[in-house]
Amino acid sequence: MATIQRKNGDHAMEALHESEREWETLRFPGQWSKMLFHPRPERPTEPNAGFVRYEPGAHHPMHRHDFAQVWYILEGTFTIGGKIYEPGTMIYHADPHYEEDLSTETGGVMLFVQYQGPTTSGRPIYDGRFNVVARKPVWQEQLDV
């Protein structure tokens, strides 16, 4: 069996348990986030990676992004763009993309991974999105980012 050597500049893996983070207020009604990893000034290309929890009745309008993302439904039933999706469904958004309107009557949890767009170089946004102090009305949100 071949032996692989570490190279200078290689990074070791990082691991966090979800209990090491608190739920934060997400910008849309009835949504909460727990991003275990997210962009910071010292690590601007780090992805948003973690969980979004939806209360029954949570929703968001159609909006667009320049970054890419993957969602994986862990719990609950979601109506996205008029179609129903259940646990075990993985959703991929290439960059740039729009997200259809989303709602859930059951509530639920999704794994989210948002990352720098390979074609647009658009980066995911953490501050002011996944950690808001107080939600604004949806009509005041910038939906084209």
Side-chain angles (χ1 to χ4, degrees), residues 4 6-7 9-145:
I4 303 293
R6 285 186 229 149
K7 295 180 181 179
D10 284 354
H11 298 278
M13 71 171 231
E14 297 177 45
L16 290 172
H17 191 272
E18 63 86 20
S19 66
E20 296 178 53
R21 296 282 192 265
E22 298 295 323
W23 288 103
E24 296 182 287
T25 305
L26 191 63
R27 69 182 178 144
F28 291 121
Q31 298 180 17
W32 307 90
S33 69
K34 189 183 281 201
M35 291 296 111
L36 303 180
F37 298 98
H38 59 81
R40 295 169 279 184
E42 68 277 12
R43 293 169 66 161
T45 61
E46 189 167 308
N48 278 328
F51 302 97
V52 175
R53 185 181 75 215
Y54 300 82
E55 297 173 356
H59 60 90
H60 70 237
M62 185 181 346
H63 58 285
R64 71 169 304 282
H65 297 297
D66 285 332
F67 52 80
Q69 63 181 325
V70 174
W71 303 346
Y72 183 75
I73 300 173
L74 296 165
E75 300 172 8
T77 300
F78 294 85
T79 302
I80 305 170
K83 292 184 175 182
I84 295 174
Y85 299 94
E86 297 181 322
T89 303
M90 182 172 278
I91 298 164
Y92 168 64
H93 292 98
D95 69 308
H97 71 272
Y98 65 93
E99 291 177 25
E100 295 277 5
D101 57 303
L102 173 148
S103 63
T104 176
E105 295 305 315
T106 63
V109 176
M110 284 192 208
L111 169 70
F112 260 57
V113 178
Q114 300 178 326
Y115 55 96
Q116 184 170 341
T119 41
T120 63
S121 296
R123 294 183 178 165
I125 301 166
Y126 173 76
D127 288 324
R129 297 292 178 88
F130 285 92
N131 64 345
V132 299
V133 175
R135 288 185 182 106
K136 296 186 269 188
V138 172
W139 61 269
Q140 289 182 343
E141 283 291 343
Q142 183 177 356
L143 301 178
D144 189 14
V145 177

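Every value quoted in this text rests on a predicted model; they were computed, and no experiment measured them.
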- Note on the structure: Distance col, row Gln31:CD vs Thr104:OG1, nearest 0.5 angstrom, shows 10.0 Å

- Task: Please assess Glu18 against Arg53 for the test salt bridge (charged side-chain N to carboxylate O under 4.0 Å, His left out), listing each intermediate value before the final yes or no.
- Result: CA-CA 13 Å; Glu18 63 86 20; Arg53 185 181 75 215; over 6 Å; no

- Query: So which pairs with a foot in residues 124-143 pass salt bridge (Lys or Arg N to Asp or Glu O under 4.0 Å), sequence neighbours left out?
  - Reply: Arg27-Glu141

If you look only at distance, which donor and acceptor atoms sit under 3.5 Å apart when one is on a side chain in residues 109-120 and the other is two or more places apart or in another chain?
from   : atom 1 : to     : atom 2 : distance (Å)
Gln114 : OE1    : Asn48  : ND2    : 2.8
Gln114 : NE2    : Gln69  : OE1    : 2.9
Gln116 : OE1    : Arg123 : NE     : 3.4
Thr119 : OG1    : Asp95  : O      : 3.1
Thr119 : OG1    : Asp95  : OD1    : 3.0
Thr119 : OG1    : Asp95  : OD2    : 2.8
Thr120 : OG1    : Asp66  : O      : 2.3
Thr120 : OG1    : Asp95  : OD2    : 2.9
Thr120 : OG1    : Gly122 : N      : 3.0

- Message: Restricting to side chain to side chain donor-acceptor pair (under 3.5 Å), what partner residues turn up for Glu55, sequence neighbours left out?
- Response: Trp32

- Note on the structure: The side-chain contact (heavy atoms from CB on, under 4.5 Å) partners of Arg6 (sequence neighbours excluded) come to Asp10

- Gly30 versus Ala58, closest heavy-atom pair with distance: O-CB, 3.4 Å

- Task: List the atom of Tyr72, the atom of Gly88, and the distance in Å for their closest heavy-atom pair.
- Result: OH-CA, 3.4 Å

- Query: Should Ile91 and Phe78 count as side-chain neighbours, where that means a heavy-atom distance under 4.5 Å?
  - Reply: no

- Return the minimal non-hydrogen interatomic distance between Gly76 and Pro87, and the atom names on each side. O-CD, 3.1 Å

- Glu99 versus His93, side-chain donor and acceptor atoms under 3.5 Å: no

- Task: For Thr106 and Thr77, indicate whether the former's side chain and the latter's backbone hold a donor-acceptor pair under 3.5 Å.
- Result: yes

- With His11, which residues qualify under side-chain contact (heavy atoms from CB on, under 4.5 Å), at least two apart? none

- Say you draw a straight line from NE2 of His60 to CG of Leu102; how long is it, rounded to the nearest 0.5 Å? 4.5 Å

- Just by modelled atom types, is the Phe67 backbone N or O under 3.5 Å from a matching donor or acceptor in the His65 side chain? no

- Query: By side-chain contact (heavy atoms from CB on, under 4.5 Å), which residues pair with Pro29, not counting sequence neighbours?
  - Reply: His59, Val138

- Message: Can you tell me how far apart CD1 (Ile73) and CE (Met90) are? Round to the nearest 0.5 Å.
- Response: 10.5 Å

- Note on the structure: The reported gap from OG1 in Thr89 to NZ in Lys83 (rounded to nearest 0.5 angstrom) is 11.5 Å

- Which heavy atom in Pro124 sits nearest to a heavy atom in Pro47, and how many Å separate them? CG-CA, 4.4 Å

- Message: Closer than 3.5 angstrom, by distance alone: can the side chain of Thr79 be matched with the main-chain N or O of Ile84 as a donor-acceptor pair?
- Response: no

- Message: Working to the nearest 0.5 angstrom, can you tell me the gap between Tyr126 OH and Glu46 CD?
- Response: 10.5 Å

- Task: For the residue pair Phe28 and Pro61, establish whether any side-chain heavy-atom pair is separated by less than 4.5 Å.
- Result: yes

- Message: Just verifying a value: how many Å separate Leu26 CG and Tyr54 OH, rounded to the nearest 0.5 Å?
- Response: 7.0 Å

- Does Met35 reach the side chain of Val52, with side-chain heavy atoms less than 4.5 Å apart? yes

